[in-house]
Structures are given as C-alpha cells and as structure tokens.
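In each ligand, atom 1 is the first atom listed, and ligand 1 is the first ligand listed.
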Amino acid sequence: MCKIKEVAVVGMGPGAEEGITVEALNTLEQAEVIVGYPVYLALLPERFREKEQLSTPMRAEEERCRMAFQEAQKGRRTVMLCSGDAGVYGMASLMLELRPEYPDCSVRVIAGVTAALSGAARLGAPLGTDFSVISLSDLLTPWEKIETRLRAAAESDMNIALYNPSSRKRADYLKRACDILLEYLPGERCCGYVKRIGRDGEERRLLTLSELREAETDMFTTVFIGSSATERSGEFLLTRRGYRRG
Ligand code: SAH
C-alpha cells in the first residue's frame, strides 16, 4: 500500500508554546521535517529543534512551499510552519495554489491563533462586535486597495485590527493609514497596540487615534482601532455588544 504523502500547514500561534493549539503541537510532534521561515523555527519549543528543519529567506516563499512538497514526496511527514494562523497572511493559500503541481501530495491545514485574537485578548475585548483585519503591507496588495479597505472599515463603524503596520522600508504607513481613518473617525477614538505577543519583550499600550498617528510600531506589532462602541475601562479596551443590564 502506498504511503499518503501529505504536508501539514501549521499555524503556531503568536510565539510561546502555550499559544500553540493541541492539534498543532501533535502535528509538530509527529513531523519528521519542519519547513519554515527561520524566525518561526527559532521560536519553536526546544524539543522540536532535534527534528530536521529547512528554511529559505523571507521573500522566497514559493521556494519554501516547493521544498515542503518535495520532502513529502520523499515520504517524510512534513510540516510547513507559519506564525499565528497559517491561513491569515500565511502559507496555506500558496500551498493550495501549488498543490495541483504535486498531484501525489495532499495538504492539511491546521488552525492557529492569529495575532488579531491573541493581541485582542491582551488588551481586553476590543473585537467584541464586527471587525475587519487589514494588512498595511503593499508587497502583494496595491496601496490604493488598502486605502479603499481602510475607508470602508471606518465608514461602516467596524473595529479594525491592522497587521504589518510598519517596517523599516515602510516607516510612515501607519501614519498614512491614521490620516485616512481620521477623515472618518474622531481623534479621541480608543485604540491600542501589542508588540511581540507571546514573545520576549511583549508590550501593550492603550492610546487614542491621534496618539496612534505618532506612535512607533514595527513589523511585530498588531494595532487595534475601536469602533463607536469601544471604550477604555481601566487597563482594558472593551467593545460593548449592547447588552441591557439591570
Ligand atoms: N499568520 C500570522 C500573520 C502574518 S502577517 C498570524 O495569523 O498572526 C505578520 C503580521 O502579523 C505582523 O506584521 C504583525 O502585525 C502580526 N503579528 C504576527 N505575530 C505577532 C506577534 N507575536 N505579536 C504582534 N503582532 C504579530
């Protein structure tokens, strides 16, 4: 009987082992080879370091995916490792795009805790009602489209989580996004951000939209912009769902 050739695409959550789902941990434990971006491989718990690890640099995503299929074709239990959830700005979709070229292989996607959710929990409950997740990276999405989405989210009074708020090359992107949002939203709107969720040096801050415009963030930050139902309660952000209480 021929062995099933499969790549498991695993989201490892924000960073620490306690944020990895049991399903993802079990899959990693069974793996013979783990393919991933070096930063994520380095975050894996100690005991997985003994397994064979393969990686490619940051931009070489297609090569990394093909590497995973080639390992599976050798009959090895292969994991493609992503941070957070593999389907949210992760490798799950590219793996499925490439899959038809490897007809002897199948793909299994294992859910992980995406940064919008782990970060929201750190701040309290900013995503209590409808929300949208928008990445400010224009590597794969034209900036005009990102702008349209920011406007739509602000206009429709959604809570917003922003991924990729800035990087060295895109230092002013968060400022540009805030300027667009400020066309629709008041400067006092409740916002927050969390840096390095579940990793060394984790940091959280609550601030207003005007303050957010001036804030320093980086590529390991997730930003939250409240809706009209969001308020600050002590050290928490909460978005009221509209319960009428006695
Ligand atoms: N697949 C990942 C997202 C990858 S896009 C997920 O589901 O979480 C990369 C962006 O995700 C970063 O720029 C940042 O905005 C966010 N992010 C991922 N991990 C993070 C962490 N540990 N702390 C803060 N933000 C994080």
Could you tell me the residue and atom name of the protein heavy atom closest to atom 18 (C) of ligand 1, and the distance to it rounded to 0.1 Å? Ala115 CB, 3.8 Å

Out of Thr222, Val194, Thr114, who is nearest to atom 7 (O) of ligand 1 when you count heavy atoms only? Thr114

Nearest-neighbour protein heavy atom for atom 23 (N) of ligand 1, which is reported as residue plus atom name and distance: Ile197 N, 2.9 Å

Can a salt bridge be assigned to the pair Lys51 and Glu32 using a cut-off of 4.0 Å between side-chain N and carboxylate O? no

Provide the number and element of each atom of ligand 1 under 4.0 Å from a heavy atom of Phe220. 23 (N), 24 (C), 25 (N)

Please confirm whether the backbone N or O of Asp130 pairs with a side-chain atom of Asn159, one donor and one acceptor, at under 3.5 Å? yes

Below 3.5 angstrom, do we get any N/O pair linking Pro14 and ligand 1? yes

So that I can tick it off, tell me whether Lys195 and Glu202 are bridged by a salt bridge, with the cut-off set at under 4.0 angstrom between side-chain N and carboxylate O. no

Side chain Glu211, main chain Thr208, donor-acceptor under 3.5 Å: yes

Across all chains, not counting sequence neighbours, the side-chain contact (heavy atoms from CB on, under 4.5 Å) partners of Thr148 are none

Please list the nearest protein heavy atom to atom 13 (O) of ligand 1 with its residue and the distance rounded to 0.1 Å. Met219 O, 2.7 Å

Closest protein heavy atom to atom 2 (C) of ligand 1, given as residue, atom name and distance to 0.1 Å: Ser83 O, 3.3 Å

Donor-acceptor pair, distance only, cut-off 3.5 Å: does the side chain of Ser233 make one with the backbone of Phe236? no

Ionic contact status for Arg196 with Asp218, cut-off 4.0 Å: yes

Is it the side chain (CB and beyond), the backbone, both or neither of Thr221 that lies under 4.0 Å from ligand 1, heavy atoms counted? backbone

Under 4.0 Å from ligand 1, counting heavy atoms only, is it the side chain of Arg196, its backbone, both or neither? backbone

Using a strict cut-off of less than 4.0 Å between a Lys/Arg side-chain nitrogen and an Asp/Glu carboxylate oxygen, indicate whether Glu6 and Arg77 qualify as a salt bridge. no

Give me the residue, atom name and distance of the protein heavy atom closest to atom 1 (N) of ligand 1. Val88 O, 2.7 Å

If you measure from the Lys or Arg side-chain nitrogens to the Asp or Glu carboxylate oxygens, is any gap between Glu147 and Arg176 under 4.0 Å? no

Looking only at protein heavy atoms, identify the closest one to atom 9 (C) of ligand 1 and say how far it is in Å. Asn164 OD1, 3.7 Å

Could you tell me if any non-hydrogen atom of Gly198 lies under 4.0 Å from any atom of ligand 1? no

Atom 4 (C) of ligand 1: which of Tyr89, Tyr193, Tyr40 has the nearest heavy atom? Tyr89

Those atoms of ligand 1 less than 4.0 Å from some heavy atom in Arg199: 19 (N), 22 (N)

Which residue holds the protein heavy atom closest to atom 11 (O) of ligand 1, what is that atom called, and what is the gap in Å? Tyr163 CD2, 3.3 Å

Could you tell me whether Glu63 and Arg66 make a salt bridge, using a distance below 4.0 angstrom between a side-chain N and a carboxylate O? no

